[in-house]
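Numbers restart at 1 for each chain; the letters A, B, ... are given by sequence-line order, proteins then strands.
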Amino acid sequence: MNFSLKLFGRLSWLLGITLFLSCGSENGTSPSQTPGSEAILQSDSLQLDNPITKQLWNKIDSALNTSHHVMLLQPCNPDQMEAQTIALQHPEFMANGSDSLSPKPLRREIFNVYQARPQEIPQAFQQGKVYKVELYNYALNLTQTALVDLVSKQVIQVNTLKGSQPDIPLYLKDVAIQLAIHHPDVIKALGFQPGQEDALMANTKTALNHTKCERSMHLCVAPTFTKGDKALWAIVDLTDLRLVGIRWTNTGPEQPTRAVTEKRLKFEKISECYCKQMTHVQKGDWDFNYIITTSDGLRISEVKYKGETVINSAKVVDWHVSYSNTEGFGYSDAVGCPEFSQAAVVAVTEPRISSIEENNQTIGFALEQNFSSEQWPLPCNYNYLQRYEFYTDGRFRSAAASLGRGCGNNGTYRPVMRFSFPNTDYSFHEWNGNAWDVWKKEQWKLLTPQSPNYSNQYQYLLQSKSQKGLYIESGKGQFHDGGRGDNPYVYITKMHPDLDEGENDLVTIGPCCNTDYQQGPEKFINDEEIENGSLVLWYVCQMKNDDTPGKEYCWSASYLEHGVYKTRVYPCLAGPMFIPKKP
Amino acid sequence: MNLSLKMFIALLCVFSLCSSCKEKMTEDEILTIGIAPCRKPAAFIQTLGFDPNRSAYSTETDRYKGVILIQAPATETDTIRKYQHPSWSKFGYMASITTDDLGNAYTFPVPFINTENQTIQTLNSIFKIDHSSGEMTLFTTLPKTDSVKDMVAYGLLGVYFDCHAKKIYVSSVNGSTRDKENGSLFVLDQSTGKVLDRLDGVDAMGLCVGGVTGEKKLYFGKARTPEVYTVELDKEGMFDGKPEFAISLDQLGPRGDDKARRIRFNTKSELVIHGIEFNFNLAGQSIKPETKYAFGYNREEKKWLLMSTE
């Protein structure tokens, strides 16, 4: 395990112990009841161990270790065997077989070998005995076909079809059905353990519905189970050998004209459950609502600790990323809902709640949400993480991370965080090394590692007239999550609920590439008096990415596992901790 | 018979008379709609020293904001030439372009990655590049909804000049929300930009007018679903019917969910649909995949059949 992953390992989303919220689950409650909201999504990293997948992974690994690295069609007759053997000798047919940067083989499999149809055979070979061999490349999601003449024992034509998937062999159909019928979510949804014979659409007489995994570009099929006038689609990913999710549809005259696919499943679920409505969380002494916004990421609101509201709302308004080698080159990304939004990078997984452990003790919990470009981790695609931490002692932290990969190794990420507070008599204090100075008017400041800290921890204090409040501790690498420091611009502005200054969703408030304080919040600084008032804190962290081996930061990299690409992430978490101050 | 009933019958007669007065189109005339060429290159292109036959407008966002004119190389050793009039980058990133029979070009702004370069003011506006001067100016602003909660970030999504009736067709999704399809199709006068007709309740992207099926129809790609619909037009190009389903792109191509960004007829009378992913968000991709679907019309079965995908 690499350095970053070790540090980040305590974040549960990599360890697969997350709890998946659904509309109305025990961790979060919301009232939605539509087919989309009733769908169940599985984590992208969740793979259930079972004998079927274990056996197949072994078979796949064995094939990768053969001289041609290809899993052959089996069983097959002598002609089919000869056709695939001849095809495997052909350089063009065997192209695209290894990673472009390493000699490691990609997972490929011959799905079908059959006598070519007359119209497929070139005129010169009409008298021959021509077979068509279909090879699927799981890693690159492409199909290569070869026409093989068994009389002259030569390959007469090779075609490469990008983004194309041949019909799957019979054994893979069985694998898909087995993965579906043994999955707890399928069993729970149907109310019984289905048998292989139950995966049959009465109207089509086929066990598998066609579907697509448009985002992952994996090979997917959908075993479908009918129950009364409904059909349960179970989308199975045959590249990762896992269930992607399930969704009910109506059958009969009301059956959908469009197939249930990975993207539809994800978009509908997230939109219905997390974009259209708030989810309420009550956990320990904490109580709050959250929603995925159209452009301000995951917003939490009405945050109460032991019944007292401590935060009105917290969110990430923008992500600014600039690249230092080209002036003015970068992007200003809004993150949010996957459709009907102003988001450039969208939510495609559900929010997750996980516990925070220290010395084998649970000391709080975290709410996390990822936003991802469709082609991430390819260059110039992005993945952002928002993480809210709620501690049993009343501390609260809002953090954000880039998981790369962006357009280069010289990028600086600047998430624009916004916090509003319920108190109407707050004053903002800065520790000057000896005492707390009160900020009289709206202003901004760049916090540096040299800035003095009160009690070696806190730089700022939000305090009410009753002397209660919140200390603010910026990230300096002390939070044991791999973060290397926030280097933040801090802004305090007066709350104006009547103006469009961020209580509702904000459109992009700043350009990509300003390297100074002009990240957007300065637009709301008007020299207004802020003592004993309702305040808004803006906090813009600055994280410089790094792709140096062993020091990766705000980065991601692909690697091969079982011959298909996986992603290793090197997050750069940053964000302030709020610590309750007693009178 | 009471008075109101008499008036109703009288009005009905007037309408049927008007309808029968509509000028008919011949079968041959209809079949050439969408295929017969009429578009001219703009006169200013030649004054720049560009070859009009090798030049085309582009709104690619990689390096330029707005519109650029690109001249393709004549030979392998030749280089690509590019030109941008100062007015072409003034209104932010622009979307698709259509040209008319005089050489004027029409386009409209769209948000790109974010809404930073697009103002509400130009959300539903069409800009015209004058065939003679090359200057881009406001052509017309269509009626727009200024602020609706949860309104989509887009305004216009399609523009098309019909050579047959010399009308400009525009699709707008302004005012639409996740739950309500509130977009409109507009028919505009070529010289004034005045709205001559409109069809509401439709969120559409790519547009094209054609007569291959034997009826003059506006083809429009639905922005919410991977489908192409049609609505019949009269000779003058006004709407003369209700939208009807024509083609589904569901499960076709590598993504299986493409929306028809651009629709055109080729010289083989095939309907060529350029499909892209579109989800009413501002998600950008480093590689913008687009698939071309060619459909042929089977007159006996009155169905469009997929001929090729590339």
Side-chain angles (χ1 to χ4, degrees), chain A residues 141-142 161-165 209-215 217 256-259 261-264 267 271-272 275-276 294-295 318 331-346 371-376 378-382 405-407 500 504-505 507-512, chain B residues 61-63 65 111-120 123 147-154 173 176-182 203 222-227 245 248-259 275-291 309-310:
Chain A
N141 187 33
L142 62 82
L161 304 161
K162 285 182 184 172
S164 170
Q165 302 167 340
N209 261 318
H210 284 291
T211 187
K212 280 184 186 279
C213 282
E214 312 95 320
R215 289 194 65 94
M217 288 295 183
T257 51
R258 293 176 62 194
T261 64
E262 177 207 25
K263 192 178 88 176
R264 278 192 69 200
F267 280 20
S271 297
E272 292 292 334
C275 293
K276 284 179 79 173
T294 58
S295 62
D318 276 354
Y331 297 99
S332 183
D333 290 337
V335 300
C337 295
E339 49 187 5
F340 297 96
S341 71
Q342 287 87 47
V345 185
V346 302
F371 301 89
S372 178
S373 301
E374 183 157 335
Q375 294 163 353
W376 180 81
L378 288 181
C380 278
N381 288 275
Y382 295 86
R405 165 170 180 137
C407 297
D500 193 14
N504 297 317
D505 275 10
V507 294
T508 309
I509 63 167
C512 60
Chain B
T61 49
D62 289 352
R63 293 184 61 187
K65 190 189 290 179
F112 172 65
I113 305 291
N114 54 52
T115 51
E116 216 189 337
N117 288 290
Q118 200 200 34
T119 64
I120 295 283
L123 194 66
S147 84
V148 173
K149 193 174 178 292
D150 301 327
M151 196 169 81
V152 299
Y154 291 89
V173 296
S176 272
T177 65
R178 184 180 194 279
D179 298 320
K180 187 133 194 194
E181 188 169 353
N182 264 343
D203 284 353
K222 297 273 275 181
R224 290 174 180 248
T225 51
E227 294 167 317
F245 168 80
S248 173
L249 301 179
D250 189 36
Q251 295 293 291
L252 298 183
R255 294 163 297 282
D257 183 36
D258 277 356
K259 313 300 186 309
I276 57 161
E277 178 171 6
F278 180 73
N279 299 299
F280 283 93
N281 58 32
L282 299 180
Q285 293 177 30
S286 54
I287 304 160
K288 295 164 193 149
E290 181 166 304
T291 303
T309 304
E310 69 177 85

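Taking a cutoff of 4.0 Å between a charged side-chain nitrogen and a carboxylate oxygen, A:Lys212 and B:Asp257 do not qualify as a salt bridge. Under the 4.0 Å criterion applied to side-chain N and carboxylate O atoms, A:Glu272 and B:Arg178 are assigned as salt-bridge partners.
Using a distance-only test at 3.5 Å, with no hydrogens or angles considered, a donor-acceptor pair links the side chain of B:Asn281 to the main chain of A:Pro338. Between the side chain of B:Asp250 and the backbone N or O of A:Ala259, at least one donor-acceptor pair lies under 3.5 Å.
In this structure, SG in A:Cys512 is found 8.5 Å from CG in B:Asn114, a value given to the nearest 0.5 Å. In this structure, CZ on A:Phe340 lies 14.0 Å from NZ on B:Lys180, to the nearest 0.5 angstrom.
Listed here is the closest heavy atom pair of A:Gln342 and B:Leu282: O-CD1, 3.5 Å. Of all the heavy atoms in B:Ile113 and A:Ser332, the pair that sits closest is CG2-O, 3.8 Å. Contact detail for B:Asn279 and A:Lys263: the closest heavy-atom pair is OD1-NZ, 3.3 Å.
Looking at residues two or more places apart in sequence or on another chain, you find no salt bridge (Lys or Arg N to Asp or Glu O under 4.0 Å) involving A:Glu214.
Only the side chain of A:Lys276 has a heavy atom closer than 4.5 Å to any heavy atom of chain B. Looking at A:Thr261, only its side chain comes within 4.5 Å of chain B, counting heavy atoms on both sides. Looking at A:Thr211, the atoms closer than 4.5 Å to chain B (heavy atoms on both sides) all sit in the backbone: N, CA, C or O.
Chain B forms more heavy-atom pairs under 4.5 Å with one residue of A:Ser164, A:Ser271, A:Cys337, A:Cys213 than with any other, namely A:Ser271. In terms of heavy-atom pairs under 4.5 Å with chain B, the best-connected choice from A:Ala343, A:Ser373, A:Gly163 is A:Ala343.
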